[in-house]
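This report refers to the structure that appears directly beneath it.
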There are 2 protein chains.
Amino acid sequence: MRPSKREELVNKALDVFYRGGFHATGMDMIVEETGISKTAIYNHFRTKDDLILAVLRRRDEVFRNWLFKRMSELGASEADQLVAMFDALGEWFREPSFKGCMFIKAVAEFQDPDHPAFKHSVEHKGLIEKYLLGLAQKSKLQHPETLVKRLLILKEGAINAAQFRSIPAPAEEAKETARLLIAA
Amino acid sequence: MRPSKREELVNKALDVFYRGGFHATGMDMIVEETGISKTAIYNHFRTKDDLILAVLRRRDEVFRNWLFKRMSELGASEADQLVAMFDALGEWFREPSFKGCMFIKAVAEFQDPDHPAFKHSVEHKGLIEKYLLGLAQKSKLQHPETLVKRLLILKEGAINAAQFRSIPAPAEEAKETARLLIAA
DNA sequence: AGATAAAAAGACTGATCGGTATTCTTTACT
DNA sequence: AGTAAAGAATACCGATCAGTCTTTTTATCT
């Protein structure tokens, strides 16, 4: 099956870039870690940047699917789901392989706002915002736009604190703050 | 004056690394942008990593001094100063050269928790936490440790949102949330 | 001013970068 | 089975990486 070969490459490259960073990881390392030869890789992707973009697209898809599914499993009402986002994040943080948000890393390494990796990272955050806004509107909470923006700030902050490991339970702290916002 | 030459190198290197990233910026670029020859640079620093560490130390010093000073200028009481942190952050975000937090970038590029750049970044956040905790304790607010952890999450989240430019006024959103936390 | 020492400039090193050309292996069809 | 066509493995390319060595400049002291 041809397409699965490509997907396998993207999935493995995702792991390698996530662990090692984008610039610091050379294509030779991708070859070594995936077991796929350079020719085969460049048969699927024109440049390293193209591969990175495919990786980011895959990460976007996987992460959003996982997060939204987990939120709906952990929360009953729409308002509950918004709060449950932080429980889901907490599960993510506790995974041994957790190394922070790939899109935060991407904008850190590709700082030009016109770079496709930067733009895609902004899009990813935008799609999450859109989804949260839908939930906030369905629930009858006041000022849904404002609420969502503040929840997003809490989410990003919790992810960062988790990566720095400077706060023992960032998801829980963010969750309590989110509760406060929703109750207000 | 000898030491000022070294400081000038560190200050200029800081700019270049901040704009271009750590791995993506080669030493030749540092030479070009600073006008200081490679020999002179390597006379002061044994390796590129050593230079990067000096840059991070300088950034830590400059940023904390600026932030704490600005907080005390913008806030009267200790509790006010905690809230005013977000006004100061807002000023930072509006600087045209703003490109996010250098320490977030550092942990994104040097992911190994044992790497000196990672450790120094954690230290930086720790020093800020310590200062905020001092303020929270002097003010008679309840649960100062918890409050500070949540304020830090808001701070990190606002910085990230500012870098992504996904939220129009992240400092203001974070500030309002902080008010809520302090009032609670 | 001239000798000497310190420092900086820039050519250069092996290694590695992203990417390609050539060789080799595998597959598919008659 | 034999042959052609497709795909992958690897040797290889110029460019650039971090870092050094040699040469030239600059500064100091008499």
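Note on naming: letters A, B, ... go to the chains in the order of the sequence lines (proteins, then strands), and numbering restarts at 1 for each one. Since this is a predicted model, take the numbers as computed values, not measurements.
- Protein atom CG of Asn43(A) is 12 Å distant from nucleotide atom P of dA6(D), rounded to whole Å.
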For nucleotides 10-22 of chain C, 5' to 3', base contacts (B), sugar-phosphate-only contacts (S) and non-contacts (-) with protein non-hydrogen atoms under 4.0 Å give B------SBBBB-
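- Per the geometry, CG belonging to Leu9(A) stands 16 Å off P belonging to dG7(D), to the nearest Å.
- Salt bridge status for Glu33(B) with Arg19(B): present, with a side-chain N to carboxylate O gap under 4.0 Å.
- Following chains of ILVMFWY side-chain contacts shorter than 4.5 Å, one can reach Met29(A) starting from Ile36(A), so the two form part of one hydrophobic cluster.
- The separation between Glu32(B) atom CD and dC17(D) atom P is 10 Å, rounded to whole Å.
- Comment: Arg58(B) engages Glu61(B) in a salt bridge, judged by a side-chain N to carboxylate O separation of less than 4.0 angstrom.
- Side chain of Lys48(B) to backbone of Phe22(B): a donor-acceptor contact under 3.5 angstrom is found.
- Considering CD of Glu73(B) and CZ of Phe68(B), their distance stands at 13.5 Å, rounded to 0.5 Å.
- Straight-line distance from the CD1 atom of Ile30(B) to the C1' atom of dA9(C): 18 Å, rounded to whole Å.
- A salt bridge is absent between Arg94(B) and Glu91(B): the closest approach of a Lys/Arg side-chain nitrogen to an acidic carboxylate oxygen does not fall below 4.0 angstrom.
- The structure places OG1 of Thr146(B) at 5.5 Å from CD of Glu173(A), a figure rounded to the nearest 0.5 Å.
- Of the possible polar contacts, none joining the Tyr18(A) side chain to the Cys101(A) backbone as a donor-acceptor pair under 3.5 Å is found.
- The NE2-C1' distance, from His44(B) to dA6(C), rounds to 13 Å in whole Å.
- Remark: nothing in residues 107-119 of chain B comes within less than 4.0 Å of DNA chain D through any heavy atom.
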